[in-house]
Amino acid sequence: MHPFQTSKVAIFDLDGTLYQEYSFLERYITYLLKDKLSEREVHQTVNEAYQILAGEHPIQLGHFLDREKKIVFLYKEERIAKAFSWEGEEQTVTPDLVNLESEQLAYLGDPWCVANFYIEKHQIAQEKCVAAFNQVRKEMLQSPFSIERCEPLFAAIEKLEVERKVFMTNTPSPSGEEFVNYLNIGGLFDEYMYDAKKPLGMSAYVKHLLEEGYKPEHILSIGDNPWNDLYPVKAVGGKTCLITRYTHHGLWMEPDVTVKTVDQLAEVLTARTIQITG
């Protein structure tokens with residue numbers, strides 16, 4: 001039986017899920033920090049960011065950032081298992097219970113979150129962040145940095161036999177719509193949600209689906225950020241698919257399926273369609 005056999009609602013993330021492109025991180029961090037740090041320090045920060053993604057740094061994907069205490073920590077068995085300063089030095093902390101939904105916390109779940117770590121660390125002004133974000137997002141739709149369309153994935157989504165296909169991204173307008181238009185997926189989904197404020201927005205939508213009469217096993221979420229995209233669905237008993245080339249540490253709710261690339265995701269979705277249609 002296919003792991004998504006019972007799915008009736010399929011929720012898709014955008015960045016890192018419908019396309020994969022990671023070179024933007026260097027440019028984004030550079031735009032954020034070029035007026036704060038020297039050229040050498042910016043270069044060092046970029047290298048460190050990619051070390052975090054690759055799991056070659058004490059701070060890693062899957063860790064939580066505490067804005068008030070200025071630490072990054074691994075959460076395991078409902079406790080802080082390990083903690084590090086924002087410079088990566090291990091800290092001695094009390095293994096207290098943690099409210100993971102606290103506004104003082106942020107999850108390092110994908111490359112955008114890694115960039116947000118440096119925004120917090122260097123206290124970048126909001127207007128600077130918005131300008132850097134808009135610049136790098138526009139570049140991603142233009143040569144020589146334009147993202148690639150994965151036609152097999154979009155074909156697989158189009159053929160996916162579910163009652164509802166949902167596009168849900170934390171990307172705000174107008175960037176979200178610009179990416180949808182660029183990827184030519186404006187008619188691929190039944191619902192489009194921008195600035196979704198996941199994970200809380202995902203939790204609210206899942207609650208709405210359950211109130212409509214869908215059962216947990218009917219709900220499938222596909223994304224590259226475990227905390228934002230998957231945990232709200234997995235927590236109620238739904239199905240999840242993690243798409244990432246990187247290791248996420250401290251996962252206490254394992255995804256039902258993990259793939260590394262958009263092509264592999266296309267294969268998983270196509271296999272479900274073939275199995276159901278015979």
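Computed from a predicted model, the values in this text were never measured in an experiment.
Residue pairs satisfying the salt bridge (Lys or Arg N to Asp or Glu O under 4.0 Å) criterion with at least one member in residues 201-228, sequence neighbours excluded, are listed as follows: R164-E212. Within the structure, no pair that satisfies the salt bridge (Lys or Arg N to Asp or Glu O under 4.0 Å) test touches residues 235-254, not counting sequence neighbours. Among residues at least two apart or in separate chains, salt bridge (Lys or Arg N to Asp or Glu O under 4.0 Å) pairs with a member in residues 7-31 are D13-K198, D15-R137, R27-E139.
When atom types are taken as modelled, the side chain of S38 and the backbone of E41 share a donor-acceptor pair closer than 3.5 angstrom. Between the side chain of T273 and the backbone N or O of L269, at least one donor-acceptor pair lies under 3.5 Å. Of the possible donor and acceptor atoms, one in the side chain of Y182 sits under 3.5 Å from a partner among the backbone N and O of I147.
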Would you mind writing out the side-chain donor-acceptor pairs for residues 52-63 within the sub-3.5 Å range, not counting sequence neighbours?
{"residue": "H57", "atom": "ND1", "partner": "I59", "partner atom": "N", "Å": "3.0"}
{"residue": "H57", "atom": "NE2", "partner": "E48", "partner atom": "OE2", "Å": "3.3"}
{"residue": "Q60", "atom": "OE1", "partner": "H249", "partner atom": "ND1", "Å": "3.3"}
{"residue": "Q60", "atom": "OE1", "partner": "H249", "partner atom": "NE2", "Å": "2.9"}
{"residue": "Q60", "atom": "NE2", "partner": "G55", "partner atom": "O", "Å": "3.3"}
{"residue": "Q60", "atom": "NE2", "partner": "H57", "partner atom": "O", "Å": "3.2"}
{"residue": "H63", "atom": "ND1", "partner": "Q60", "partner atom": "N", "Å": "3.2"}

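Scanning for side chain to side chain contact (heavy atoms under 4.5 Å, CB included) contacts around A83 gives I71, F73, I80, Q91, V93, with sequence neighbours left out. By the ring pair (Phe, Tyr, Trp, His ring centres under 6.0 Å) test, F189 is found to be paired with F12, F167, Y192, residues two or more places apart in sequence or in another chain being considered. Take D195 and apply the side-chain hydrogen bond (donor to acceptor under 3.5 Å, both in side chains) test, not counting sequence neighbours, and it matches K197. With sequence neighbours excluded, the residues forming a side chain to side chain contact (heavy atoms under 4.5 Å, CB included) with E87 are S85, K121, listed by chain and number. Annotation: side chain to side chain contact (heavy atoms under 4.5 Å, CB included) contacts of P199 (sequence neighbours excluded): W227, N228, P232. With sequence neighbours left out, the side-chain hydrogen bond (donor to acceptor under 3.5 Å, both in side chains) criterion links N170 to no other residue.
Smallest separation of non-hydrogen atoms from G223 and L230: N-CD2, 3.9 Å.
S173 and E177 share a side-chain donor-acceptor pair at under 3.5 Å. Remark: the T270 side chain and the E267 side chain contain no N/O donor-acceptor pair separated by less than 3.5 Å.
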**OP:** Take F145 and F24 through the test side chain to side chain contact (heavy atoms under 4.5 Å, CB included) and record every step on the way to the result.
**Re:** CA-CA 8 Å; F145 303 117; F24 79 87; over 6 Å; no
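In the hydrophobic clustering, where aliphatic and aromatic side chains (Ile, Leu, Val, Met, Phe, Trp, Tyr) are joined below 4.5 Å either directly or transitively, V166 groups with V9, I11, M168, M193, M202, Y205, V206, L209, L210, Y214, I219, V233, V236. Residues near V130 contribute nothing to a hydrophobic cluster around it, because no ILVMFWY side-chain heavy atom sits closer than 4.5 Å to its side chain.
Between W112 and F133, the distance separating the two ring centers is shorter than 6.0 angstrom.
Under the 4.5 Å side-chain heavy-atom criterion for Ile, Leu, Val, Met, Phe, Trp and Tyr, F64 and W86 are members of distinct hydrophobic clusters.
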